[in-house]
Amino acid sequence: NAQTAPDDAFEGFSPEDQPPVLTLSREDEVRSKVRSVQKVKDTLADIDVGLRTGVRARIEQAVGDYFAYARQIGINNPMLSPAEVFARADVQALWAQEAASLHSWLANRISEGFYKGADLGRSGDAHGVLDEGYLDAVNQDLTNYLATLDSQVRSAVWNAYNQIDWVPSYAQGGTSTNVPHDTAVKRWDTASDSQSAVVTDISRRAHAGISAATHRGYTEGQLSTITDTSMLKMWVANFAQPPERGPCLTCIALHGMTIPVTEQFPAEVTYAAKPLGVYRDLLGPPRHPNCRCKLVFFAAGQEHEPVSKKMNEYAMDVVTSTMATTGFTAKQVRALPEPLFERLWRFLM
């Protein structure tokens, strides 16, 4: 991917696989330094993809087993509504078992991603203390969401179930002597199709949680090796991929920003109409789910301004050329910081 990116995207970085600190002796080193950061993307992506594999199937299994049990009771007791079926103690006990098993399985995937990312982020044999607060926050979100999943299944079933009119007797449209049973079968079969949207939603959330934990683990691994609190850290967006999958307007605005290693990046910085919300903190990437940004570090006193300046200029060039090509709204223009607005104006003129 690095070979296909624009040359200017790599202004300022070295060919080492994973330098913990960025060293600049001459400005002509600016060309190759980001390449080492971009290489990490592929390894993290492999971890991410591997951990996402089978997630939807596992969620489908949990929701499907729960629904299948409730469906059978509903068909065998056609006068019971879905609310009455789901309220039964045995149905609730089954869901508690399925939810606990699913929670444990997904939490293990999320934690595995975090620690694999952290191992990758650490350099050499250095193993500092990891801040696991971000991992705890992701797992708490998973717990909170799974607590609502039962009600989502019930709601989806109820809405689909009511799409089929109740036929109480042969005289009122039934086609057999067991009209209530036949109607219940039709209603619960229709409800079975309602599970897809619920499974899709939790799968999407689980994938985002795995991705965020993996990439934040990498950041925490890097930060855990830093013992000198006077060092600086630089935000590097990942431009080494097709433009349609490239960094978002918020990450592009952060590209090249350098701050003390103990500080947080500013939440309001963006080239979009409004900034994204912050999840827990902004000590480093990810800025949002599926963010592929990374940090690089400078020792105190090292010259970093040339790299930062070139990074910022490249980011503004990307946004300017994209807006000039695809068009923009008045709202987008009003949201632009003044240097980017001036660059866009010069470009258009």
Side-chain angles (χ1 to χ4, degrees), residues 1-2 10 12-24 29 32-52 107-139 209-238 240 251 254-255 257-265 279-302 304 307:
N1 285 335
F10 305 123
F13 286 79
S14 95
E16 293 82 6
D17 285 341
Q18 194 181 332
V21 176
L22 222 135
T23 302
L24 293 177
E29 293 180 9
S32 61
K33 297 279 184 186
V34 172
R35 293 185 189 272
S36 58
V37 179
Q38 305 293 1
K39 288 178 183 178
V40 175
K41 177 190 77 74
D42 295 331
T43 304
L44 283 173
D46 289 342
I47 295 172
D48 195 355
V49 170
L51 292 173
R52 291 186 185 199
N108 285 338
R109 288 290 179 102
I110 289 171
S111 296
E112 184 179 351
F114 180 84
Y115 292 115
K116 282 186 175 180
D119 288 341
L120 184 64
R122 289 165 163 160
S123 59
D125 296 326
H127 290 280
V129 178
L130 285 175
D131 180 357
E132 298 176 335
Y134 195 95
L135 173 62
D136 293 339
V138 174
N139 278 325
I210 291 170
S211 177
T214 300
H215 287 76
R216 182 52 180 254
Y218 179 79
T219 296
E220 295 298 344
Q222 288 183 300
L223 293 173
S224 71
T225 65
I226 303 298
T227 57
D228 182 358
T229 57
S230 66
M231 289 181 63
L232 303 175
K233 58 186 176 183
M234 174 184 286
W235 191 288
V236 180
N238 182 19
C251 291
L254 287 167
H255 186 62
M257 183 174 292
T258 305
I259 62 174
V261 71
T262 58
E263 294 184 6
Q264 295 193 39
F265 289 91
Y279 185 79
R280 191 175 183 267
D281 63 54
L282 276 180
L283 287 173
R287 182 64 178 86
H288 54 81
N290 300 316
C291 175
R292 297 295 181 263
C293 296
K294 303 293 179 293
L295 294 178
V296 292
F297 299 88
F298 295 87
Q302 283 186 311
H304 65 274
V307 181

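Starting from 1, each residue takes its place in the sequence as its number.
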Study note, to complete from the structure: Sorted by chain and number, sequence neighbours left out, side chain to side chain contact (heavy atoms under 4.5 Å, CB included) with A212 holds for Y134, P286
Review point. Ignoring hydrogens and geometry, is there a side-chain-to-backbone donor-acceptor pair from K116 to D48 under 3.5 Å?
Key: no
Check your understanding: Taking side chain as C-beta onward, heavy atoms only, is Q302 less than 4.5 Å from L232?
Key -> no
Practice item. Assess whether side chain to side chain contact (heavy atoms under 4.5 Å, CB included) is satisfied between R122 and S224, documenting all intermediate values. Key: CA-CA 7 Å; R122 289 165 163 160; S224 71; 3.5 Å; yes
**Study point:** Atom pair SG (C293) and NE2 (H288), whose distance is rounded to the nearest 0.5 Å
**Key:** 6.0 Å
Exercise for review: State whether the side chain of K294 and the backbone N or O of R292 hold a donor-acceptor pair below 3.5 Å, judged by distance alone.
Suggested key: yes
Point to revise | 4.5 Å side-chain heavy-atom contact, Y115 and E132 | key: yes
Review point. Does A118 offer a backbone N or O that forms a donor-acceptor pair with the side chain of E220 under 3.5 Å?
Key: no
Review point. CZ of F297 to OG1 of T225: how many Å apart, nearest 0.5 Å?
Key: 6.5 Å
**Study point:** Any donor-acceptor pair under 3.5 Å from E263 side chain to P260 backbone
**Key:** no
Exercise for review: Using ring pair (Phe, Tyr, Trp, His ring centres under 6.0 Å) as the criterion, list what pairs up with F265, not counting sequence neighbours.
Suggested key: W235
Study note, to complete from the structure: One should read off an interatomic distance between Q222 CD and L120 CG, to the nearest 0.5 angstrom, of 8.5 Å
Check your understanding: What residues, two or more places apart in sequence or in another chain, satisfy side chain to side chain contact (heavy atoms under 4.5 Å, CB included) together with T219?
Key -> R216, L223, P285, L295
Check your understanding: salt bridge (charged side-chain N to carboxylate O under 4.0 Å, His left out) with D131: which residues, sequence neighbours excluded?
Key -> R280
Check your understanding: For the residue pair C291 and H215, what are the closest heavy atoms and their distance?
Key -> O-CD2, 3.7 Å
Practice item. Measure the CE-CZ distance between M231 and F298 for me, rounded to the nearest 0.5 Å. Key: 9.5 Å
Check your understanding: Mind checking what makes side chain to side chain contact (heavy atoms under 4.5 Å, CB included) contact with T229, not counting sequence neighbours?
Key -> T262
Review point. Would you say S111's side chain and N108's backbone share a donor-acceptor pair under 3.5 angstrom?
Key: no
**Study point:** Heavy-atom check, side chain of T258 versus side chain of K233, under 4.5 Å
**Key:** no
Check your understanding: Looking at residues at least two apart in the chain, or sitting in another chain, which of them share a salt bridge (charged side-chain N to carboxylate O under 4.0 Å, His left out) with D136?
Key -> none
Study note, to complete from the structure: Separation between CZ (F114) and CG (D119), nearest 0.5 Å, reads 10.0 Å
Point to revise | From OG1 (T214) to CG (L135), nearest 0.5 Å | key: 10.0 Å
